[in-house]
Trainee: 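Shown below is the structure under consideration.
Here is how names work: the chains are called A, B, and so on, in the same order as the sequence lines, proteins then strands, and each is numbered from 1.
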2 protein chains.
Amino acid sequence: MALADYKHPYVTVDLLLFSIIDGKLAICLTKRDEEPFKDMYAMPGTFIHEDESAEGAVERLLADRLGLEGNIYTEQLQTFTDITRDPRERVISIAYIGIIPDMNMVKVPWMEWFTIASSNVGYEKLLKVGDGSNASFISNSLGFDHDEMLHIAIDRLRGKTQYTDILFKFLKDQKCFTAAILREIYQAIIGKEVNRGNFTKYQMNTYIENGLINKIGSTSVGRGRPADTYAYIGGEKLWIRS
Amino acid sequence: MALADYKHPYVTVDLLLFSIIDGKLAICLTKRDEEPFKDMYAMPGTFIHEDESAEGAVERLLADRLGLEGNIYTEQLQTFTDITRDPRERVISIAYIGIIPDMNMVKVPWMEWFTIASSNVGYEKLLKVGDGSNASFISNSLGFDHDEMLHIAIDRLRGKTQYTDILFKFLKDQKCFTAAILREIYQAIIGKEVNRGNFTKYQMNTYIENGLINKIGSTSVGRGRPADTYAYIGGEKLWIRS
DNA sequence: CCAAAAGTGTTGCTATTACACCCATGG
DNA sequence: CCATGGGTGTAATAGCAACACTTTTGG
């Protein structure tokens, strides 16, 4: 059973880069300019080089294709190995989730943002952000098996919002935010509204009790009563309910 | 960017096969008979053939290396891509969790079972099952990065026990079991005791309310009062708390 | 002083826990 | 008839949702 006896497949990483735009969960896509799936939208991806790990490939992808340097939160989603998922040849893809707090961090022109209209079941509705075109399409017209990836990723985000600190990765300023800001993120991911008062009282308190955030002061700008401000201090530790 | 421009790595699947033995979570390992990590224990694995998916490779592994035919529950755990995780050459591994209800289903002599002594933090203590040798070792002496895999897999099992029906996969007879049997499995995975009465009343009731199980009758064997018996009927649907 | 924004309290419902009690069987 | 295993009831507690109330600011 020598190693060389086995033919091995191509391996790529694909990145599902999420952000919150206008109170809605959004994903960063690119229109493919070559076959297969030419002119269809897809998540950005790249082949893994022989001298890098999958995480390394994701970092390179973030830097080269998205222009994102520095510390971007990523985590492995799942690996997709269907023999026919790439019509050219056998290609395995390791999908990663990425999160950035601000869509404007992506400055390259070939990437486009789409908000995700939370469909109850079936396919997601994707709505182009920003250019006033109101262009939209349904996620099952994504290239490759990227519709499946998107579904699994959204599920993962929703699940982890319940028992980890993943939603803090969406904060534009982790060192100064209000309950309202965090609630907007929470609702965007979950896909439904939660009561304002209760969110402050229970959710924020739970975060404080678990040492994830600190109350640091209050805003003095805005129309109404100044909101308390918080700072995220949790490291990488998981926070599991009770 | 033609496909052929990229050198691609070897890809394997590794299987973490779990069962419950004597009320304790257990894993199926094999002593490696060749380099690298010769004479160390490791999870069984195999290279992915060019005409099969990762799931296909796992099925082949189950059949050829473990002698397990038929419907064995498996799910993808995570993909490991460190460049140096295999000292020979660059090898990516897609790790899978497998669950069988009875260790005796594995009849091949080269596989050995070890119970996992739930360590709070750090490494697991693995204890050889069955031959009276009382041999044991610490999980960080597993070959490759299999210690890390084991940790991640146990975490996954514990998490999914809370909100899925994964513990029913451990049942020796899914069509006839008692609350006591299910509780033993539950405790083995979680690693701590739960109150007997409450488990029957709440846990079993929740399963019933979610359509996962049905009360079917009662045992008439055993020393004390005959226990109610249940049958697992849930398909593949997730059961998420409230 | 009033509207707007945001933090706190009150109430009732539900889930969880601990523990006791009663039930059915084998020896 | 008693030890043993197993179901069910109860009370105390914790958590959650709805909603009303209060606080603070800008005009």
Trainee: If the condition is ring pair (Phe, Tyr, Trp, His ring centres under 6.0 Å), which residues does Tyr96(B) pass it with, not counting sequence neighbours?
Mentor: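 Ring pair (Phe, Tyr, Trp, His ring centres under 6.0 Å) check on Tyr96(B) returns nothing, list empty.
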Trainee: Measure the distance from CZ on Phe177(B) to C1' on dG5(D) and round it to the nearest whole Å.
Mentor: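 Result: 18 Å.
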Trainee: For Tyr202(A), which residues count as a ring pair (Phe, Tyr, Trp, His ring centres under 6.0 Å) partner, sequence neighbours excluded?
Mentor: none
Trainee: Quick one: Met204(A) CE to dG15(D) C1', roughly how many Å, whole number?
Mentor: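 Taking CE of Met204(A) and C1' of dG15(D), I get 19 Å after rounding.
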Trainee: Please tabulate, one pair per line, each protein N/O and nucleotide N/O from nucleotides 7-11 of chain D that are separated by under 3.5 Å, including the distance.
Mentor:
unit_1  : atom_1 : unit_2    : atom_2 : d
dG7(D)  : OP1    : Asp228(B) : N      : 3.0
dG7(D)  : O4'    : Arg225(B) : NH2    : 3.4
dG7(D)  : N7     : Arg196(B) : NH1    : 3.0
dG7(D)  : O6     : Arg196(B) : NH2    : 3.0
dG9(D)  : O6     : Lys201(B) : NZ     : 3.2
dT10(D) : O4     : Lys201(B) : NZ     : 2.9

Trainee: Quick one: are the ring centres of Phe18(B) and Phe170(B) less than 6.0 Å apart?
Mentor: no
Trainee: To the nearest Å, how far apart are Phe199(A) CZ and dC19(D) C1'?
Mentor: 19 Å
Trainee: Identify each donor-acceptor pair in which a side-chain atom of residues 191-201 of chain A lies under 3.5 Å from a protein atom, sequence neighbours left out, and give them as a table.
Mentor:
unit_1    : atom_1 : unit_2    : atom_2 : d
Asn195(A) : OD1    : Gly197(A) : N      : 3.0
Asn195(A) : OD1    : Asn198(A) : N      : 2.9
Thr200(A) : OG1    : Arg196(A) : O      : 3.3

Trainee: Just jot down the salt bridge (charged side-chain N to carboxylate O under 4.0 Å, His left out) partners of Arg156(B), sequence neighbours excluded, or say none.
Mentor: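 Listed in chain order: Glu75(B).
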Trainee: Between Ile181(A) (CD1) and dG7(C) (P), how many Å, whole number?
Mentor: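 To the nearest whole Å, that distance equals 11 Å.
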Trainee: Taking only residues two or more places apart in sequence or in another chain, which ones pass ring pair (Phe, Tyr, Trp, His ring centres under 6.0 Å) with Phe80(B)?
Mentor: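 Ring pair (Phe, Tyr, Trp, His ring centres under 6.0 Å) list for Phe80(B), sorted by chain: empty.
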Trainee: Rounded to the nearest angstrom, tell me the gap between atom CD in Gln203(A) and atom C1' in dA18(D).
Mentor: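 The answer, rounded to whole Å, is 16 Å.
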Trainee: Considering heavy-atom distances to DNA chain C, does Gly224(B) or Asn195(B) have its closest nucleotide positioned more toward the 5' end?
Mentor: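 Whichever sits nearer the 5' end wins; that is Asn195(B).
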